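Working notes, structure below.
Chain A is the first sequence line, chain B the second, and so forth, proteins listed ahead of strands; every chain is numbered from 1. Note that the structure is predicted; figures quoted are calculated from it, not measured.
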Amino acid sequence: MGAIPEAKTVDPGPGPAPSPAAPRIGVLALQGSFALHAAVLRRLGIEAVEVRRAAALAGLDGLIIPGGESSTMLKFLLEEDLFDPLIAFHREGGALYGTCAGAILLARTVENPAQESLGLLDIEIQRNGYGRQLESHLGACSCSALGEPDLPLVMIRGPVISGTGPRVEVLAEWRGQPAFVREGRVLATTFHPELTNDTRVHAYFLELAAGGETPVSAENVEAPG
Amino acid sequence: MSTEFRLKTGLADMLKGGAIMDVTNAAQARIAEDAGAVSVMALERVPADIRRDGGVARMSSPEKIREIIESVSIPVMAKVRIGHFVEAQILQEMGVDFVDESEVLTPADEENHIDKHAFEVPFVCGCRNLGEALRRIGEGAALIRTKGEAGSGNIVEAVRHLRQIGNELRRLTILTDDELMSAAKELRAPYEIVRMVARDGRLPVPNFAAGGVATPADAALCMQLGAESVFVGSGIFKSTDPEQRAKAIVKAVTHYRDPAMLVEVSMGLGEPMRGLDIATMPEEELLQTRGN
């Protein structure tokens, strides 16, 4: 009976109370795994705002762009006037974290096939870099910034980061390619921590969004504007 | 949860908040992708045409499926007949991302569904009530959708099925542990899964709506009734302006609680598909009673 599925996520319970300095976080809720990201944040004591229109970005310290279909989300960004507001959000100091499709939307260059992107993270990324659903896989990768144990890795039709700019720090690799990267206030993973019970990547992002000290920092080399 | 199963439901999780559109060729698949569909469903004829033409409806030809796979970057689903595990083997071999074991096609087995645990490719199955949903999950389905009444352009059956599932889910959560075996017997569903659902108050896999969606308002109605995404079959390509209607339905699924947006996306769409009154249809013409 081992094949009988269990619940999608473990009930997180009430979770710790947010500290007075808790950052205000939004989750881009156009499509995809936004509710799962919100559930992880709830476990960390943060009630996230669902962002479907640009006005909802006001007052946020950080925004998560979830997994899903990047081509679908991109259409909303372009047609519903979210593209420039997201770039402005970054310029004004907002932190961003993209998982899978979110990483594709944040990238400088997207291939397979080429599509427009926000260009807030100096990486080159291949959509569906491992292939179709039958190539989706699980694994674990070591990440010195987050310590032990290894990060569990769920890769669903995942992208592959095929190039990184000089200011991009590679925080974890998978199969010899960057899988978790950071440039200043922008984080991206090609995998889905929101599909696991490991909250460390989200906690790392919260620290970044709160403007606190993080184990690594490229802030001081980031060009202004 | 088995690790392999997590990969199957993981893809369903990524399709949430989206529209999945029936297509019969590459040109339609590109229209769907350009409109913002999260996935396309390959089939040989849309349900309204299957209903009109009669005859045996089967899996789409491998040439058509190949053509559709090569024309879009979003995930491609395809339908197989209920119980036709060899059609499913063929689709898996071709790299299809999700298989729909569908009542819209003519059933190949009137007793048994496919053993979906035996496949690496994830499956979606239709249901009309909680027991049917849990039997399909027991067989290994990674995604559940309502059956509705495909090809009817009438949302009434999808609404009935969404309400039925929601109602039965809520009822399970108030039962005591010693009442669950009897509940499993009544639902004709696996006890272990019934226990899990009673504990969590929700299905262990995502739950989408399908069958009869013809307008953006229909799509938003399904979402407000608890569906996590919407399949659109004949509703797009049987309308007078498929491009605009497809875009409007995509936007309605995202902004399903935003009446101002629903007004905006519902304008300028031309005529929806004509639609059928299900109350006056003979029982033997219903697709939803196939498989159970």
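- Side-chain atoms of A:Asn128 and A:Arg132, non-hydrogen and from C-beta on, never get closer than 4.5 Å to each other.
- Neither the backbone nor the side chain of B:Val253 has a heavy atom closer than 4.5 Å to any heavy atom of chain A.
- Of the listed residues B:Ser229, B:Ala19, B:Ala142, B:Pro75, the one with more heavy-atom pairs under 4.5 angstrom with chain A than any other is B:Pro75.
- Only the backbone of B:Ala37 has a heavy atom closer than 4.5 Å to any heavy atom of chain A.
- Heavy atoms of A:Met73 lying under 4.5 Å from chain B are absent altogether.
- The side chain to side chain contact (heavy atoms under 4.5 Å, CB included) test with B:Phe208 singles out one residue from B:Ile144, B:Leu15, B:Val230, B:Val124, and that residue is B:Leu15.
- In this structure, the portion of A:Ser71 lying under 4.5 Å from any heavy atom of chain B is its side chain and not its backbone.
- Judged by the 6.0 Å and 45° rule, A:Arg185 forms no cation-pi pair with A:Phe205.
- In this structure a side-chain-to-backbone donor-acceptor pair under 3.5 Å is missing from A:Gln31 to B:Gly17.
- Considering only heavy-atom pairs separated by less than 4.5 Å from chain B, the leading option among A:Glu80, A:His137, A:Arg157, A:Glu79 is A:Arg157.
- When heavy atoms are compared at a cutoff of 4.5 Å, B:Val76 approaches chain A by way of both its backbone and its side chain.
- The only member of A:Glu50, A:His37, A:Glu194 that meets side chain to side chain contact (heavy atoms under 4.5 Å, CB included) when paired with A:Val27 is A:His37.
- Looking at A:Ala29, only its backbone comes within 4.5 Å of chain B, counting heavy atoms on both sides.
- Put simply, the side chain of B:Lys116 reaches to within 4.5 Å of the side chain of B:Glu101, judged on heavy atoms.
- Remark: B:Phe85 CZ is loosely packed, at most 12 non-hydrogen atoms of other residues, nucleotides or ligands lying under 6.0 Å away.
- Only the backbone of B:Ala35 has a heavy atom closer than 4.5 Å to any heavy atom of chain A.
- Using a 4.5 Å cut-off between heavy atoms, B:Lys247 touches chain A through its side chain atoms alone.
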